[in-house]
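First up is the structure itself, then whatever we jot down about it.
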Number of protein chains: 2
Amino acid sequence: MVRTHLNRERIAQAALDFIDEHGSVSLSMRKLGTYLGVEAMAIYRHVEGREALLDCVLQRLMSGVVDGLDEALGQSWQGYLQDIAHRIRDVAIRHPKAFPLVVTQHPAAPWIRPPIRDLDLIEHLLRTLREYGLPDDMVVDVYQSFSSFLMGHLLLEAMHAGADPTAPATAIREEEAPAPAPFGRINLDTHPTVQELSGLLQRNTSEEQFEIGLEAMIDRIEANLRS
Amino acid sequence: MVRTHLNRERIAQAALDFIDEHGSVSLSMRKLGTYLGVEAMAIYRHVEGREALLDCVLQRLMSGVVDGLDEALGQSWQGYLQDIAHRIRDVAIRHPKAFPLVVTQHPAAPWIRPPIRDLDLIEHLLRTLREYGLPDDMVVDVYQSFSSFLMGHLLLEAMHAGADPTAPATAIREEEAPAPAPFGRINLDTHPTVQELSGLLQRNTSEEQFEIGLEAMIDRIEANLRS
DNA sequence: ACAGACCGAACTACACTGTAAACTTGAGGC
DNA sequence: GCCTCAAGTTTACAGTGTAGTTCGGTCTGT
């Protein structure tokens, strides 16, 4: 009986599923093996090792972003950037446990900036911006600003979304006072402002802030272009 | 002979030194033990485990930021934010291998946003902004924008600075053509734009971009305040 | 000064990790 | 029929985090 043979695709998909479910730190070759119904060492026939495996997962994660990106063209570079940004945000939100893998360095190209680690996507971005008439130094500027903006927002959003819901939220106060403070009682006395603003702090306005920040970045580029 | 007794401080400092030298992934209890001239298990008398150890390192990393922050007061909230931002950037640059630890979740407070993981610092920031007269919702907004801005910029900068200089920069081209392309020859044919812009891409303008981005963020807050 | 509590450091043990090497098996080609 | 060869398995080993236990010196109460 030949259960559909192993290959890079199937392994990457299974690893992604596993990570979505249990987190990336608890992914081990052996666990992935049993998850695939196969002996752990069989995986090494198809990927070089754990690091390469995680790289495959990342590639699979981002593969959807670059595909069908050409249809998004034809508007303006502003719309194009908005489109890419939202595509990547979708990935981050759909796979919050896997997305933080973008901070691991690409072994073959340390100069690639997360979270856009896909060379095809980088090429597409640079080329398109150029075709929209942006000068070269501005193109690189946009790429870099865009990277760090996405990095900051999406990593935070993913961490928030991927936080273990079963987290203990342990108390720091040594007393076991059952104080029903907001978000798992934290030193209410030494940090009164934090406590007072807790309501506002735990409000999730990620999406709004993402849109505002993205808009602001694009505005800034526009202003820079005109000057 | 009582070689200066172990304590949390000494352990955290040694761990930080070790990470600065060899990176955080290769820090193990046993290696830290020998690094301290002590048996690995002795460490468990002072810190609860590996996770707690890394948390100690983070605490030690950021301890310098909040100390002596009151002297930076008295100017304006703009100057205050600039000051904090530069202090944290200094940490990121001085400890590029340790800084990425900020993305690990704080176990007791998952709602804390990296890279500002120090409750004292958060309290200080929120209180100060309030004292400068910013309305509560704006205070929280600033905290969150500030976090993601620092996160994006500093993590990228740290990754860049902490990249293993002995990295192979392997070729993707199967030919072993010795093409002296910029930054470790990468698929010159399929990604011509990347290649063409390689000169601009590898230019390090992190500091400039940091200043520009920080300024822009503050301007945005000001504009938001006036409206 | 001395006895006993005490506590930090060391040792042992165990389950689990990544990975290399040798081995088994089963399908296709002569 | 046998040969080949690649995919999957088994075995092995060094290294990991950490719980449990033991040892040896220091501090304290009298």
Side-chain angles (χ1 to χ4, degrees), chain A residues 1-19 21-58 97-98 100-101 104-108 164 167-168 170, chain B residues 1-19 21-58 97-98 100-101 104-108 164 167-168 170:
Chain A
M1 170 224 183
V2 184
R3 66 169 64 260
T4 17
H5 272 39
L6 244 46
N7 56 23
R8 245 159 179 274
E9 304 272 324
R10 233 165 68 79
I11 291 176
Q13 184 59 51
L16 178 53
D17 291 345
F18 187 96
I19 289 175
E21 205 167 338
H22 305 102
S24 70
V25 294
S26 61
L27 172 69
S28 76
M29 298 307 240
R30 286 165 162 92
K31 285 183 194 159
L32 181 59
T34 65
Y35 192 82
L36 276 161
V38 111
E39 211 60 24
M41 299 320 287
I43 298 169
Y44 284 90
R45 292 277 159 191
H46 303 268
V47 318
E48 296 73 10
R50 187 171 197 270
E51 202 175 354
L53 172 65
L54 294 180
D55 221 69
C56 285
V57 172
L58 265 179
K97 296 239 183 75
L101 289 177
T104 63
Q105 204 111 237
H106 188 122
D164 191 358
T170 53
Chain B
M1 171 225 184
V2 184
R3 66 168 66 256
T4 13
H5 270 38
L6 246 45
N7 55 24
R8 244 160 180 275
E9 303 273 324
R10 233 165 68 79
I11 292 176
Q13 184 60 51
L16 178 53
D17 292 344
F18 187 97
I19 290 175
E21 205 167 338
H22 305 101
S24 68
V25 295
S26 62
L27 171 69
S28 77
M29 298 306 243
R30 288 165 160 91
K31 285 185 194 157
L32 182 59
T34 65
Y35 192 81
L36 276 162
V38 111
E39 208 62 21
M41 301 320 287
I43 298 170
Y44 284 89
R45 290 283 152 185
H46 303 270
V47 318
E48 296 73 10
R50 187 170 196 270
E51 202 174 354
L53 172 66
L54 294 180
D55 220 70
C56 285
V57 171
L58 264 178
K97 295 239 183 74
L101 289 177
T104 62
Q105 204 111 238
H106 188 124
D164 191 359
T170 53

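These numbers come from a predicted model, not from an experiment. These numbers come from the heavy atoms of this one structure, side chains and all, not from hydrogens, waters or symmetry mates. Letters A, B, ... are given to chains in the order of the sequence lines, protein chains preceding strands, and every chain is numbered from 1.
The shortest distance between side-chain heavy atoms of B:Leu27 and B:Lys31 does not fall below 4.5 Å. A heavy-atom distance below 4.5 Å is found between the side chains of B:Ile19 and B:Leu54. Side-chain atoms of A:Thr104 and A:Glu51, non-hydrogen and from C-beta on, never get closer than 4.5 Å to each other.
Note: A:Leu53 CG to A:His46 NE2 = 12.5 Å, rounded to the nearest 0.5 Å. Interatomic distance, CZ of A:Arg8 versus CZ of A:Arg45, reported as 15.0 Å (0.5 Å rounding).
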For nucleotides 15-17 of chain C, which of its nitrogen or oxygen atoms have a protein nitrogen or oxygen under 3.5 Å away, and what is each distance?
| from | atom 1 | to | atom 2 | distance (Å) |
| --- | --- | --- | --- | --- |
| C:dT17 | OP1 | A:Ser28 | OG | 3.2 |

Tabulated below should be each protein N or O lying under 3.5 Å from an N or O of nucleotides 20-22 of chain D; please produce it.
| from | atom 1 | to | atom 2 | distance (Å) |
| --- | --- | --- | --- | --- |
| D:dT21 | O4 | B:Arg45 | NH2 | 3.3 |

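With C:dA9, D:dT18, D:dG8 as the candidates, the nucleotide lying closest to the side chain of B:Tyr44 is D:dT18. Side chain of A:Glu39, nearest nucleotide from D:dG8, C:dA10, D:dT9: D:dT9.
With sequence neighbours excluded, the residues satisfying ring-ring contact (aromatic ring centres under 6.0 Å, His included) with A:Tyr35 are A:Phe18.
When A:Val57, A:Leu32, A:Val38 are each tested for a side-chain contact (heavy atoms from CB on, under 4.5 Å) with A:Ile11, only one passes: A:Leu32.
Along DNA chain C, the nucleotide nearest to A:Glu48 and the one nearest to B:His46 differ in position, and the one closer to the 5' end is contacted by B:His46.
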